Amino acid sequence: MKTPASFLVRCTFVVAAALCALAVQAQPAAPQFKDYPADAAYTGANHALVIDSDFAKLFRTRLRNAIASSKPDFAGRYIVVRWGCGSDGCNMGAVIDATTGHATALPVVLSSASPVKPEFGNEAGQELIYKRSSRLMVFAGDINIEQPKGGSGDTVAFYEFANGKFRLVKSLPYGRKDMTAR
């Protein structure tokens, strides 16, 4: 029994469409700030720094200076503070709860790198993106999270900050190395 050519064409088209749909679905979606809303923005006076950990004790001067001179700029009530970690282009930091004075270390160390993608660009090649209205913090570039075997650290990592802790939501390839060939 012969199969009509038009039927084969239609079947081929349906299979191709299904494969395309699967390929589109396979593309990893980046978490969105709007999906991690923060509580209402805190506008009161900042609480004094509480030194309740080795981290807070070690960096108390930087943390005290930040809480004395800054207003919340992340997740409604947190102040983001960063500083160099002793080598060229290296950055570490913390978030400080303006309502309690408790400091939490950032979950990764960022390294400056180039070229910077326009959608992730920030000052000095440091790509840390956050909003006052969201609990999501994005780190892009060469960061010190666990990489798959053979991985390079060339990553965009999305962290949710909730209940005083950072939780890795997703990490995706950044693609910075692909940009150097341009």
Side-chain angles (χ1 to χ4, degrees), residues 30-114 116-117 119-147 151-172 174 176:
Q32 302 294 309
F33 288 106
K34 66 181 175 55
D35 296 330
Y36 298 87
D39 292 335
Y42 177 70
T43 58
N46 291 348
H47 192 285
L49 178 67
V50 174
I51 300 177
D52 58 353
S53 67
D54 290 340
F55 176 80
K57 184 176 182 181
L58 185 62
F59 296 106
R60 65 184 169 269
T61 302
R62 292 186 185 280
L63 297 170
R64 280 186 182 139
N65 289 344
I67 205 162
S69 64
S70 303
K71 292 292 179 192
D73 55 358
F74 170 63
R77 67 180 201 222
Y78 296 90
I79 298 165
V80 177
V81 57
R82 298 185 305 169
W83 56 87
C85 51
S87 66
D88 190 31
C90 180
N91 233 267
M92 59 188 302
V95 295
I96 309 166
D97 188 332
T99 66
T100 67
H102 176 77
T104 303
L106 293 179
V108 300
V109 173
L110 279 170
S111 296
S112 292
S114 183
V116 176
K117 282 189 165 184
E119 64 267 32
F120 294 118
N122 208 337
E123 78 281 352
Q126 297 294 326
E127 300 172 314
L128 173 61
I129 306 149
Y130 53 90
K131 295 183 178 188
R132 187 172 184 185
S133 61
S134 179
R135 298 181 327 273
L136 186 67
M137 187 173 278
V138 183
F139 299 83
D142 292 325
I143 56 179
N144 69 340
I145 64 171
E146 297 262 338
Q147 297 297 320
S152 67
D154 188 35
T155 305
V156 178
F158 301 85
Y159 282 84
E160 176 186 19
F161 188 73
N163 302 316
K165 295 182 180 178
F166 284 98
R167 178 184 68 86
L168 180 63
V169 174
K170 182 176 258 188
S171 64
L172 300 170
Y174 183 99
R176 179 189 315 273

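All figures in this text were calculated on a predicted structure; none of them were measured in a lab.
Annotation for His47 and Gly101: closest pair CB-N, 3.7 Å, computed over non-hydrogen atoms. For the residue pair Leu128 and Arg82, the shortest heavy atom distance occurs at CD2-CD, 3.2 Å. Considering every non-hydrogen atom in both Tyr36 and Pro31, the closest pair reads CE1-CB, 4.0 Å. Heavy-atom minimum distance, Ala66 versus Ile96: CB-CD1, 4.0 Å. The two atoms that bring Ile129 and Phe33 nearest to each other are CG2-CZ, 3.7 Å, heavy atoms only. Among all heavy-atom pairs drawn from Ser134 and Ala38, the shortest one is N-CB, 3.8 Å.
Distance OH/Tyr78 to CZ/Arg132: 13.0 Å, rounded to 0.5 Å.
Considering Ile79, Asp97, Val81 as possible partners of Ile67, the one that fulfils the side-chain contact (heavy atoms from CB on, under 4.5 Å) test is Ile79.
In this structure, Phe166 and Phe161 have tilted ring planes: the angle between them lies in the 30° to 60° band. Taking the six-membered ring for Trp and thresholds of 30 and 60 degrees, Phe139 and Tyr159 have ring planes more than 60 degrees apart, a perpendicular arrangement.
For Asp73, the side-chain contact (heavy atoms from CB on, under 4.5 Å) criterion is met by Val80, Tyr130, not counting sequence neighbours.
In this structure, Thr104 contributes its side chain and Lys165 its backbone to no donor-acceptor pair below 3.5 Å. With hydrogens and angles ignored, the 3.5 Å screen pairs a side-chain donor or acceptor of Asn46 with a backbone N or O of Ser70.
Residues Leu172 and Phe158 meet the side-chain proximity criterion, which asks for heavy atoms closer than 4.5 Å.
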Go through Leu106 and Met92 one step at a time and tell me if the side chain to side chain contact (heavy atoms under 4.5 Å, CB included) criterion holds.
-> CA-CA 7 Å; Leu106 293 179; Met92 59 188 302; over 6 Å; no

How far apart are the C-alpha atoms of Thr100 and Val50, what are their side-chain angles, what is the distance that settles it, and do they pass the side chain to side chain contact (heavy atoms under 4.5 Å, CB included) test?
-> CA-CA 8 Å; Thr100 67; Val50 174; 5.9 Å; no

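Annotation: side chain to side chain donor-acceptor pair (under 3.5 Å) contacts involving residues 50-64, sequence neighbours excluded, comprise Asp52-His102.
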